[in-house]
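Proteins come first, then strands; the chains are lettered A, B, ... in the order of their sequence lines, and each starts at number 1.
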Protein chains: 2
Amino acid sequence: MSADLPKDRAPSIRDVARLAGVSHQTVSRVLNDHPSIRETTKARILQAMEELQYRPNQAARALSKGRSRTIGVLTASSAQYGPARSVAAIEDAARRQGYFVDTANLGVADPAAIEDALEHLLDQAVEGLVIIAPQERVFDVLERLDIAVPYVSLQSTGKHDLRALAADQILGARMATRHLIDLGHREIVHLAGPQDWNEAEARMRGFLLEIDDADLMTNPPILGDWSADFGYFAGQELLRSRDFSAVFAANDEMALGLLHALHDARLSVPGDVSIVGFDDVPVASHSWPPLTTVHQDFDGIGRLAFATLLREMGTGVEVPTAPIAPRLVVRGSTGPVPVSRLPLLKRY
Amino acid sequence: MSADLPKDRAPSIRDVARLAGVSHQTVSRVLNDHPSIRETTKARILQAMEELQYRPNQAARALSKGRSRTIGVLTASSAQYGPARSVAAIEDAARRQGYFVDTANLGVADPAAIEDALEHLLDQAVEGLVIIAPQERVFDVLERLDIAVPYVSLQSTGKHDLRALAADQILGARMATRHLIDLGHREIVHLAGPQDWNEAEARMRGFLLEIDDADLMTNPPILGDWSADFGYFAGQELLRSRDFSAVFAANDEMALGLLHALHDARLSVPGDVSIVGFDDVPVASHSWPPLTTVHQDFDGIGRLAFATLLREMGTGVEVPTAPIAPRLVVRGSTGPVPVSRLPLLKRY
DNA sequence: TGCTCGCATGTGCACGGTCACAATTGTGAG
DNA sequence: CTCACAATTGTGACCGTGCACATGCGAGCA
């Protein structure tokens, strides 16, 4: 049969309808599996679809239903392990529910860039937004633009939404700090993340809360930029200027850089200094010594974020969710305060 | 004025037209900046748009023009640094050109999952595809489905497209291997990536070519899975079974795991064994010792991929492209063959 | 037998843009 | 002042799908 002449447009429901000898509406009903369709008719239509290699046109569907089935993901530094992993998980979960994911990466996060990225996502008529690794500025813009779609944010402090995830950050930081205190450390330095990141701020908060609970003193944390390079330089600086026996770094990368600086200075870890990181990136267990850190279930966080967003969007779909708990993973980079160090402490 | 009654639908060009006192077509002309429009009219329309907070509906545009302005990115293991970074670069470049990016991550890469992910992207009527970190199977599926849109692939071997990028992988591997040979190493082991990844295969090819050019012998490479954990176990196994003075790992993660194994065995790097990685991930410079590796410009690769795709898609837009060259970064993990080792070699 | 009811299917239009093709207005030459 | 022609603007159809609202048809019942 030469029923399918060149016709370069992709086949539409009408083409399918013609081939199956029904009206386009009946075909549409099959697509949305409407209950009242005779089995034989349905079979005939399905076969016609198969024959024509029919693929529903999402744009047309979006236009007519007013729903795009697309969600947007706004992410800063998506090349970092944690965010990247969560994005992948979100994408996966979304695809499973038939949603498309449109991403926008923020390089520099000046308000103009943020607005630009958001506009881009809104242009696509996203039905919801996931904000990853949010900085306060992002929420300012979000509020200023008066976004019409629901959004959730990962790893925030609960200021704007998801309390559950927020608790994790603070709790995780407390666990890390507690671990060091339990080992006898009294002079603990916090190598913090950039404070305009809610996530970094929450971790610092957890650190300070735990220090406070233990009635310890601490110098103001060092504000870093998440990078291993910064960790390295901060380490050099610390060695020059402060006395301390342990460091809690706000993420693994900085912890690894710090480790490097300590090696350079011929100091032993954990002999002279103990180090704890945060995130448990895959290489954390292979540094020398292996890094004690706080494990985060990034996949779970991503899935939870999507599930929460789905609920927020008021779709009927309810995806089961479970709260995400951080987990302290003790490896070789932490140990008791060295005896040799105890007298030193008396100086203060 | 209460011209804007509730009317919950978003404003359309017709609403704008009414407010500006022109026809919808004139508004459309403004959107596509058609040349012949009186300046005063244009200004009036722009103001009306502003007033109504008008935002063009992409779905409608896609429907009527038959173009979605969307490209798809198919990626395996997008949580890895390199791919993640390239994806971000692609996304950025695409956004700049007004394109949307839809991503699909491959967890396990069985043909069914690949097909599923591709179908998902095609459902969105993507105009082009970027395949990242391709495995041969992906291309099989791609060919079987007889995809109608152009695609480019990152870091392939040139079998399917982009020769320029392919050369990089082989060249980079040769540079790494050459470096070890120049240092006097004769027994070099290659810790390869999974061979169904074209990228891994290319690196192995580069290694073998260089070994061959130097008239050296080598045992068959060890086939890994890219992970640091694998590098660690491979290291333990190597120490038990083989004699060697240097290892070229197909990526940094495996190299770091290997480093860990050597530390565990109390071997010195580079005193006893030299190690080279591939990728130059951010922590590579902070391992102990800092890792000698082959730097790849992932951002550049991403941009190049998008530019190439744009050309492939036959859009008028020409984005300037520059070939990407790998760069050997010599750090502390490589050094001359230890004298103590030379006699040992005679045994073979 | 005639009537109601529910299932299965069909008809026509709306969604918000773009396109092809008028229709109108403005401009300069003869 | 008229006409040809360009510049500007308007009209109506169409893209592929879903919705509201018929319509046809057989079963059940009085």
* Looking only at side-chain N and O atoms, does Ser23(B) come under 4.0 Å of OP1 or OP2 in dG10(D)? -> yes
* Drop me the distance from Tyr54(B)'s OH to Leu31(B)'s CG, to the nearest 0.5 angstrom. => 4.5 Å
* Touch check for Val22(B), heavy atoms < 4.0 angstrom, all strands: base, sugar-phosphate only, or nothing? -> sugar-phosphate
* Structure fact -> side chain to side chain contact (heavy atoms under 4.5 Å, CB included) test vs Leu121(B) passes for just one of Thr70(B), Ile71(B), Ile147(B), Leu74(B), namely Leu74(B)
* Would you please confirm or rule out a distance under 4.0 Å between OP1 or OP2 of dG18(D) and any side-chain N or O of Asn32(A)? => yes
* Asked: Rounded to the nearest Å, what distance is computed from the NE2 atom of residue His24(A) to the P atom of nucleotide dT11(C)?
  -> 8 Å
* Between dG10(D) and Thr26(B), is there an OP1 or OP2 to side-chain N/O distance shorter than 4.0 Å? -> yes
* Any donor-acceptor pair under 3.5 Å between the side chain of Arg14(B) and the base of dG17(C)? -> yes
* Structure fact -> In this structure, CD1 of Ile114(A) is separated from CD of Glu119(A) (nearest 0.5 Å) by 12.5 Å
* **Interatomic distance where CG belongs to Asp33(B) and P belongs to dT8(D) [whole Å]** => 14 Å
* Write down the distance between CZ (Arg67(A)) and P (dC19(D)), rounded to a whole number of angstrom. => 11 Å
* Value in whole Å for how far the C1' atom of dG10(C) lies from CD1 of Ile45(A) -> 12 Å
* Residue mapping more 5' on DNA chain D - nearest nucleotide basis, Ala60(B) or Arg44(B) -> Arg44(B)
* Rounded interatomic separation in angstrom, taking CZ from Arg69(B) and C1' from dG16(C) -> 18 Å
* Ion pair Glu127(A)/Arg69(A), N-O distance below 4.0 Å -> no
* Indicate yes or no: does Asp116(A) engage Arg95(B) in a salt bridge with an N to O separation below 4.0 Å. => yes
* Can you tell me if the side-chain N/O atoms of Arg61(A) get under 4.0 Å from OP1 or OP2 in dG16(D)? -> no
* Taking NZ, NE, NH1 and NH2 as the nitrogens, is one of them in Arg18(B) or Asp15(B) under 4.0 Å from a carboxylate oxygen of the other? -> yes
* Closest to side chain of Gln25(A), choosing from dG10(D), dG12(C), dG16(D) -> dG12(C)
* Between dG18(D), dG16(D), dT9(C), which one does the side chain of Ser36(A) approach most closely? -> dT9(C)
* **Whole-Å distance separating the NE2 atom of His34(A) from the P atom of dG10(C)** => 13 Å
* Structure fact -> In whole angstroms, the gap separating P of dT17(D) from CG of Asp123(B) amounts to 12 Å
* To do: Between Thr41(B) and Leu63(B), just flag the one whose closest nucleotide in DNA chain D comes earlier from the 5' side.
  => Thr41(B)
* Arg29(B) side chain, from C-beta outward: closest of dG17(C), dT17(D), dG10(D) -> dG10(D)
* Output the single nucleotide from dT9(C), dG16(C), dT17(D) whose closest atom is nearest the side chain of Ile37(A). => dT9(C)
* Asked: Reckon Ser28(B) has a side-chain N or O less than 4.0 Å from the OP1 or OP2 of dT18(C)?
  -> yes
* Round to the nearest Å and state the distance from Glu39(A) atom CD to dT9(C) atom P. => 10 Å
